[in-house]
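Bear in mind that the values here come from a model prediction, so they are computed numbers and not experimental data. By convention here, the first residue in the shown sequence is residue 1. All ligand and atom numbering here is 1-based and tracks the order in the structure.
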Amino acid sequence: MKRSGEESTLPSRDRFLVFGAPAIEEAEIKEVVASLESGWLGTGPKVAQFEKDFGEYKGVAHAVAVNSCTAALHLSILAAGLKPGDEVITTPMTFCATVNAIIHAGAIPILADIDPKTMNIDPAQVAGKITSKTKAILPVHFAGRPCNMDALGEIVQEYNLTLIEDCAHAIETEYKGQKAGTFGDFGCFSFYVTKNIVTGEGGMVLCRREEDAARIKMLALHGMSKDAWKRFGDEGYKHYYVLECGFKYNMMDLQGAIGIHQLQRVELYWRRRQEIWQRYNEAFAGLLIGLPAEPEHGTRHAYHLYTILIDETKAGISRDEFLGAMTANNIGVGVHYLSIPEHPYYQQAFGWKPEDYSEAMRIGRQTVSLPLSAKLTDEDVDDVIMAVKTIIE
Ligand SMILES: Cc1ncc(COP(=O)(O)O)c(C=O)c1O
């Protein structure tokens with residue numbers, strides 16, 4: 001092991017490799033230009049096309065595009081009819097947006113610790129957190145690995161709960177042949193710049209019931225009546241009526257224009273990330289670091305994040321020193337995530353302590369995400385491997 005400050009800080013590449021940089025191709029650039037030239041920048045035909053294409057990809061009838069997964073989660077919780085004081089069980093190993101959406105909807109987030117192998121919410125921990133106020137479960141398919149949907153489904157059935165899946169990492173994920181986002185009442189997706197397909201900012205909700213999709217569509221545009229987005233179209237001005245106090249969460253056509261073409265390459269990109277994942281697995285097999293568990297039989301992993309664990313007692317370098325050494329080698333890295341109870345806001349608001357969710361705490365303090373984007377060239381992957389080996393060996 002070489003500490004940062006020694007020769008491992010000499011960059012093996014001359015340009016910084018940005019973590020999670022998206023692959024943007026000519027077709028989406030042309031489509032965005034066509035949107036700009038048409039003058040219709042806001043919600044319009046490209047968003048409608050993207051919703052249709054995404055719904056078809058997932059095999060569902062009701063897909064509503066919004067401007068983020070955060071918005072998708074917020075509106076799903078509202079559409080589920082949760083009331084202030086209702087409890088929603090989720091994972092401490094997630095991005096803050098998952099928990100914030102619960103709070104914004106007026107509900108109370110309750111955390112259930114993760115299974116350390118899969119890093120997904122542990123159904124046994126969920127069962128232990130059920131109270132008479134529990135109304136929903138909000139699992140996150142972490143890194144693209146599906147949660148144990150059989151076990152979670154049993155809990156949902158037994159207690160008659162709403163199931164909202166956070167599929168921000170899980171566009172291509174499947175569990176026993178069923179696609180992520182179709183198990184629950186709502187499935188929420190992100191097309192943020194680092195995600196498996198991107199629209200810059202953007203999100204989508206899959207709804208089991210048509211009436212929920214209609215309500216989410218309305219709430220995403222100020223609570224204005226159906227098809228208000230068409231009011232300036234060539235069919236003539238249409239009055240709208242505000243039926244609820246909604247939000248400004250609609251997706252723009254400029255975003256839909258990117259999404260339509262990204263979605264056509266979703267499988268191509270998935271195969272590329274799978275290849276990179278396998279190269280990392282082979283290259284790091286002998287190192288004293290933790291590697292991601294193999295995908296479980298009968299599931300499809302979306303390969304959104306490749307996370308290694310740096311245990312200082314084994315690797316001889318702390319996680320944060322490792323992050324610094326990778327950056328010094330011109331390789332961008334990420335941390336997904338410090339566990340939710342590490343953040344001061346949640347400690348103050350809910351009294352959460354990291355050690356009460358010990359598996360998420362440990363992993364959050366050891367984890368490092370390596371670049372895993374379809375944009376990476378073979379040389380980029382070589383550079384990542386070389387940097388990790390130089391720092392650790
Ligand atoms: C697990 C998880 N949930 C929700 C979100 C929020 O997604 P968005 O940025 O599209 O609002 C993210 C984004 O990083 C995420 O990783």
Please work out whether the ring planes of His304 and His169 are parallel, tilted or perpendicular, with thresholds of 30° and 60°.
tilted

Fit a plane to each ring of Phe183 and Tyr175, take the angle between them on a 0 to 90° scale, and name the class: parallel (under 30°), tilted (30 to 60°) or perpendicular (over 60°).
perpendicular

Pick out the protein N or O atoms lying less than 3.5 Å from any N or O of ligand 1, and list each pair with its distance.
| residue | atom | partner | partner atom | Å |
| --- | --- | --- | --- | --- |
| ligand 1 | 3 (N) | Asp166 | OD1 | 3.3 |
| ligand 1 | 3 (N) | Asp166 | OD2 | 2.7 |
| ligand 1 | 10 (O) | Cys69 | N | 2.9 |
| ligand 1 | 10 (O) | Ser190 | OG | 2.7 |
| ligand 1 | 11 (O) | Cys69 | N | 3.3 |
| ligand 1 | 11 (O) | Thr70 | N | 2.9 |
| ligand 1 | 11 (O) | Thr70 | OG1 | 2.5 |
| ligand 1 | 14 (O) | Lys195 | NZ | 2.6 |
| ligand 1 | 16 (O) | His169 | NE2 | 2.9 |
| ligand 1 | 16 (O) | Tyr337 | OH | 2.8 |

Please report, to 0.1 Å, the donor-acceptor pairs under 3.5 Å made by any side chain of residues 343-356, with sequence neighbours excluded.
| residue | atom | partner | partner atom | Å |
| --- | --- | --- | --- | --- |
| Tyr346 | OH | Asn100 | OD1 | 2.6 |
| Gln347 | NE2 | Pro341 | O | 2.8 |
| Gln347 | NE2 | Glu342 | O | 3.3 |

Ile89 and side chain to side chain contact (heavy atoms under 4.5 Å, CB included): which partner among Ile130, Ile102, Leu138?
Ile130

State, without any angle test, whether Asp253 and Ser35 hold a side-chain donor-acceptor pair at a distance under 3.5 Å.
no

Taking the six-membered ring where the residue is Trp, are the ring centres of Phe191 and Phe54 under 6.0 Å apart?
yes

